[in-house]
Amino acid sequence: MNLRFWRRGERSPDVARPPQPESNDYSESPGTLPRATIILLSLGGGAAALFGLAAVQTVAAPVALSLVLTICAHPVRGALERIRVPRGVATILAILLVFALLAGFVAALLIALTQFTTLLPQYVTQLEQIGQDFAAWLEKIGVGAKTADTIITGLEPANLLDFVAGLLGGLTGIVFSLVVILTLVMLMALDATYLPTLLSQLRRIRPTLVAALVGYAASVRRYMVAATGLGLLQSTMNFIALVILGVPAPLLWSLLSFICSYIPNVGYFLAIIPPTIFGLLVGGWPTAIAVILVYGIINVIVQSIVQPFLVSNVVALNQTITFVSVLFWTPVLGPVGAVLAVPLTLLVRAILLDADPNAARWRPLTGDIDEAKGIMKATDADTRLQRSAHKRERNERKSSARKPAPLPDELPM
């Protein structure tokens, strides 16, 4: 029986085969799904994972924060071990350091919020007047009366007090998150003592994955050190300026600017509004304008020039992805997502790009452009040389055209 019908892929030797296209990196191998299907399935899986994280935000956010804190504290344990401190003692000291930092931050936050609740009732009348003036301005520019009333209602002092009271009154949620973070930091720090050995074992099997994880940890530490240093500098300068200008609650606003310094691009706008309003209440428009100018000079330089430059050089993320990461992670993990937007984005890149040799070619699109900068410099140098050569040629042609024609008696005989 002739079975050629079933063996469609086979041809007899005397039948000429059509020319086969050259293989390249973008061709799909037989048996694989089309590229569009793979992309759609990946997007669907990613969306499902993000919705799942958002659903368990109260747990996922402390876990993410604990992971970043543990990564940042890990070099402390290593430094203590290098000076002959026992491993167990070094781990306990690193944990206690994180506990002390968290306790100090929570204490400062509670003091600042308490100061805000005692400060706001003193300016209820002025705030209501500002709200009425703002509503009148909204109606003047064409915003409906109902819409203006809705906006102003949300900004009334009573609603602001209720909001802050809810923050302070939610003691159970604060204690739960703090207990989860402290417990996770302690457990992660204890488990991290075995991490170098585990990574050395895994390196023989998955060297690319280990390199991606090690690189991620180093990038997170560099970013957090840079962001913390810039935040301390920025908040200190803001505190001094607010004290000089006589703005009430300078500690609260400087703490707010420190927290917002971890939020790229957007943090500046979040930190400048409250001190400007209270500057307007106590000193009128001159004080408010002075606050805007001071914050504009300090914060714009730090967050719009220095911080993006450091982020692009320290963690190799371009400014577009840095800004979009804030908008992306905030709905997923809430305020913690805004603060940890860059470390979370680095984790996604480490898993999807750095850990896969075939996907590493896309890394320059995320901001790793050292090679591209070198190519651009070489191209610019060649362009300048070509322009210089063309300019010399034009000058030579012009100079030859300006030479007077020889007289008849000067012509050679």
Side-chain angles (χ1 to χ4, degrees), residues 53 60-61 63-79 94 97-98 101 184-185 188-189 191-192 195-196 198-200 202-203 206-232 261-267 302-303 305-330 332-333 336-374:
L53 287 175
V63 170
L65 182 58
S66 302
L67 176 62
V68 173
L69 291 175
T70 305
I71 290 174
C72 294
H74 185 72
V76 176
R77 184 185 62 81
L97 176 62
V98 176
L101 293 176
L184 283 174
V185 168
M188 289 180 180
D191 291 336
L195 190 59
L198 296 176
L199 290 179
S200 64
L202 184 60
R203 197 186 305 271
R206 299 292 300 273
T208 308
L209 176 60
V210 173
L213 295 177
V214 173
Y216 165 72
S219 298
V220 168
R221 283 192 288 267
R222 288 195 299 266
Y223 170 75
M224 294 302 293
V225 168
T228 302
L230 290 176
L232 288 173
S261 65
Y262 290 98
I263 307 175
N265 304 113
V266 182
V302 173
Q303 290 203 355
I305 300 177
V306 180
Q307 186 170 357
F309 177 78
L310 284 177
V311 170
S312 60
N313 286 274
V314 170
V315 299
L317 279 181
N318 60 44
Q319 298 186 28
T320 302
I321 293 180
T322 302
F323 177 71
V324 172
S325 65
V326 178
L327 306 179
F328 182 82
W329 289 108
T330 302
V332 177
L333 296 179
V336 174
V339 174
L340 300 181
V342 172
L344 292 173
T345 304
L346 291 175
L347 179 61
V348 173
R349 186 178 69 176
I351 295 174
L352 297 183
L353 299 184
D354 297 343
D356 186 359
N358 296 324
R361 71 184 71 177
W362 299 102
R363 182 182 170 91
L365 295 179
T366 64
D368 190 1
I369 54 174
D370 290 338
E371 183 178 357
K373 287 181 178 179

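Numbers here are sequence positions counted from 1. Side chains included, hydrogens not; waters and symmetry mates left out as well; all remaining heavy atoms used.
Annotation for Ala73 and Ala94: closest pair O-CB, 4.1 Å, computed over non-hydrogen atoms. Tyr216 approaches Ala350 most closely through the heavy-atom pair CB-CB, 4.0 Å. Closest of all the heavy-atom pairs between Leu209 and Ala355 is CD1-CB, 3.7 Å. When all heavy atoms of Val68 and Pro343 are compared, the closest pair comes out as CG2-CB, 4.1 Å. What you find for Arg221 and Cys72 is that their closest heavy atoms are CG-CA, 3.9 Å.
Note: Asp356 CG to Thr208 OG1 = 8.5 Å, rounded to the nearest 0.5 Å. The distance from the CD1 atom of Ile71 to the CE atom of Met188 is 8.5 Å, given to the nearest 0.5 Å. Between the CG atom in Leu230 and the OH atom in Tyr262 there is a gap of 10.0 Å [rounded to 0.5 Å]. Considering CH2 of Trp329 and OG1 of Thr345, their distance stands at 6.5 Å, rounded to 0.5 Å. Atom CG of Leu184 and atom CG of Leu67 lie 9.5 Å apart (nearest 0.5 Å). The line from CG of Asp191 to OG1 of Thr70 is 9.5 Å long, rounded to the nearest 0.5 Å.
Remark: Arg77 pairs with Glu81 by the salt bridge (Lys or Arg N to Asp or Glu O under 4.0 Å) rule, at least two apart or across chains. Listed by chain and number, the residues in a side-chain hydrogen bond (donor to acceptor under 3.5 Å, both in side chains) with Ser219 are Arg222 (sequence neighbours excluded). Every residue two or more places apart in sequence or in another chain that forms a side-chain hydrogen bond (donor to acceptor under 3.5 Å, both in side chains) with Arg363 is listed here: Asp354, Asp368.
Although no hydrogens or angles enter the test, the distance criterion places a donor-acceptor pair under 3.5 Å between the side chain of Ser325 and the main chain of Thr322.
Looking at heavy atoms from C-beta onward, Leu333 lies out of side-chain contact with Leu340 at the 4.5 angstrom threshold. Considering only heavy atoms from C-beta on, Arg349 comes within 4.5 Å of Leu317 through its side chain.
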